[in-house]
Structures are given as structure tokens and as C-alpha cells.
Amino acid sequence: QQQVKQSPQSLIVQKGGISIINCAYENTAFDYFPWYQQFPGKGPALLIAIRPDVSEKKEGRFTISFNKSAKQFSLHIMDSQPGDSATYFCAARANRKTSYDKVIFGPGTSLSVIP
Amino acid sequence: ETGVTQSPTHLIKTRGQQVTLRCSSQSGHNTVSWYQQALGQGPQFIFQYYREEENGRGNFPPRFSGLQFPNYSSELNVNALELDDSALYLCASSVYGELFFGEGSRLTVL
């Protein structure tokens with residue numbers, strides 16, 4: 001019930017295309033859903049996050065879509081660029097009052113954007 | 001504002017040895033978490049410290065232990081190293097729940 005599932009495992013997209021990564025969860029106690037971007041040799045960095053009372057959040061070329069009833073959420077990267085090539089992790093955290101800052105990460109998606 | 005810094009960046013140990021990893025929190029952050037990231041996997045929560053007390057722990061055995069100091073810096077100690085402990089160990093400091101990760105310490109156990 002603590003698991004966050006993520007697909008695809010790897011993704012190759014042409015420059016200018018749309019990258020889509022999908023995630024699903026089971027634990028209804030999760031109330032914060034961040035996405036992290038990790039480059040080789042670096043730690044994960046927060047990209048964008050959403051709470052379940054919102055169905056969509058957009059920041060620049062990055063959009064999170066959230067379907068609370070299906071317990072699914074996805075990341076869309078519009079106009080993908082070679083600099084977006086990295087590993088992306090979806091994640092989830094339960095209410096901080098009960099679970100402090102424990103974040104459950106998905107297994108990651110390796111994105112390659114080719115020119 | 002300085003970021004999260006970790007040391008050492010790389011180290012090699014043999015099975016059965018002990019290791020200490022260090023982390024300096026981002027300025028103003030009073031909470032530190034440690035994560036283990038095996039190759040090709042997502043980070044796994046080890047434990048969290050708030051005001052020098054452990055206030056949350058993941059599914060890791062007691063040979064994984066930690067400390068947080070008054071300046072909010074932290075240590076992760078692993079005793080009796082096993083081959084499966086080989087991983088990238090990430091420290092994250094936080095305030096109001098948003099995690100800021102360091103670049104990690106890459107541990108190889110032979």
C-alpha cells in the first residue's frame with residue numbers, strides 16, 4: 001500500500017515532442033505528489049508538485065495531471081529538449097502530521113530527448 | 001544560501017566494516033532525512049531527524065543509525081556492511097516538507 005508505480009521505465013522522445021510519464025498509487029493517505037528530476041551524478045531536484053484537491057498544475061513546459069478517483073497522476077513535458085534528458089521520479093507523501101517528511105518514490109523513468 | 005553538502009562523495013569498504021557518512025543541511029533547514037538509492041531504482045527512505053531526535057524510520061535494520069547535531073548537520077552510520085549496502089546515500093534537508101537533496105555519497109561494499 002506504500003508503493004508508487006511508474007511507467008514507462010525508459011522513454012525516447014524527439015526534440016520538440018511531448019514526454020508523458022504515468023504513475024499510480026494505492027494509499028489514500030497520500031496528500032502531496034512531487035516529481036523529481038535527477039541528472040547523472042546529482043541528487044534528485046524537485047521539479048513540480050501537486051495536491052489532490054487540484055486536477056492539473058502547470059509550470060512552464062511541465063504539467064501534472066491528477067486523477068484522484070483513479071489514484072493516478074502523470075507528468076507531461078511539452079516541447080521536450082535535449083537538456084530534459086534525465087531520470088524522472090514520481091513520488092508521494094502522506095500527511096506530514098502523521099508521516100513527517102517520508103517520501104515514497106517510484107522506480108523512475110529514464111528520458112532521452114534526441115535532436 | 002548554501003545547499004546540502006555531503007561527504008565523502010565516493011568510498012569503498014569491505015563486508016563487515018563500518019561507515020560514517022556526513023551531511024550539512026541547507027541554511028535554515030531543521031529537518032534532515034536520509035535515503036538509499038540502489039542503482040537504477042528510486043530512493044528509499046531510511047530515517048529522518050528533527051531537532052536532534054529520530055522522528056521517523058523506514059524499513060531498514062538497526063545497524064543503520066544516525067545523529068543530528070545542534071547545527072542541524074547529520075551523520076549516517078552503517079555497521080556490519082553487507083554487499084547489498086552498495087548504493088548512493090542521499091541526504092535531504094527540509095523545511096515545511098519540501099526536500100532539498102545533496103549529491104550523495106556513493107558507497108561500494110566489496
Side-chain angles (χ1 to χ4, degrees), chain A residues 1-11 21-25 27 29-52 57 59 75 86-111, chain B residues 2-10 21 23-26 29-51 53-60 66 68 72 74 76 87-106:
Chain A
Q1 201 177 23
Q2 286 288 310
Q3 198 176 13
V4 175
K5 299 179 181 178
Q6 182 173 350
S7 63
Q9 184 176 10
S10 63
L11 182 60
I21 303 170
N22 299 299
C23 288
Y25 64 98
N27 189 348
F30 290 147
D31 71 348
Y32 174 70
F33 300 87
W35 285 85
Y36 289 86
Q37 180 188 56
Q38 185 175 29
F39 293 103
K42 302 291 186 181
L46 179 66
L47 189 63
I48 186 173
I50 197 169
R51 296 195 181 274
K57 183 175 182 180
E59 290 184 0
L75 176 69
T87 300
Y88 292 80
F89 295 96
C90 61
R93 191 195 68 207
N95 186 297
R96 292 189 68 222
K97 292 180 182 178
T98 58
S99 72
Y100 32 91
D101 291 336
K102 176 181 178 181
V103 175
I104 308 298
F105 285 80
T109 295
S110 177
L111 171 64
Chain B
T2 59
V4 178
T5 58
Q6 294 187 240
S7 63
T9 55
H10 296 81
L21 308 177
C23 172
S24 293
S25 303
Q26 186 158 327
H29 290 187
N30 56 15
T31 303
V32 174
S33 304
W34 286 90
Y35 287 76
Q36 180 197 64
Q37 186 176 21
L39 199 62
Q41 298 183 22
Q44 300 290 318
F45 177 79
I46 302 175
F47 45 53
Q48 176 177 290
Y49 280 82
Y50 172 68
R51 293 185 176 179
E53 296 285 333
E54 182 184 301
N55 73 337
R57 190 176 186 92
N59 189 26
F60 281 81
Q68 187 182 29
Y72 303 138
S74 177
L76 165 65
L88 180 68
Y89 288 85
L90 295 161
C91 171
S93 70
S94 58
V95 63
Y96 307 123
E98 181 176 337
L99 299 179
F100 293 84
F101 284 91
E103 296 192 347
S105 294
R106 172 74 63 188

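Hydrogens, waters and symmetry mates play no part in the numbers below; they use all other heavy atoms, side chains included. These figures come from a predicted structure and were not determined experimentally. Labels below follow one simple rule: chain letters A, B, ... track the order of the sequence lines, proteins then strands, and each chain is numbered from 1.
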Just give me the residue among A:G43, A:S110, A:P44 that pairs up with chain B most often, heavy atom to heavy atom, under 4.5 Å.
-> A:P44

B:F100 ring center within less than 6.0 Å of B:H29 ring center | yes

When the 4.5 angstrom heavy-atom criterion is applied to A:Q38 and chain B, the contacting part is side chain

Chain A contact via B:L88 - side chain, backbone, both or neither, heavy atoms under 4.5 Å = side chain

From OG1 (B:T31) to CD (B:Q48), nearest 0.5 Å = 5.5 Å

Geometric class of the A:F105/B:Y35 ring pair [parallel <30°, tilted 30-60°, perpendicular >60°] = perpendicular

Does the gap between the ring centers of B:F47 and B:Y49 come in under 6.0 Å?
-> yes

What part of B:Y50 lies closer than 4.5 angstrom to a heavy atom of chain A: side chain, backbone, both or neither?
-> neither

With a 4.5 angstrom heavy-atom cut-off, could you sort out which part of B:Q37 is near chain A: side chain, backbone, both or neither?
-> side chain

Which one, B:G40, B:G42, B:C91, leads in non-hydrogen pairs under 4.5 Å with chain A?
-> B:G42

Answer whether the closest heavy-atom distance between the side chains of A:L75 and A:L47 falls below 4.5 Å.
-> yes

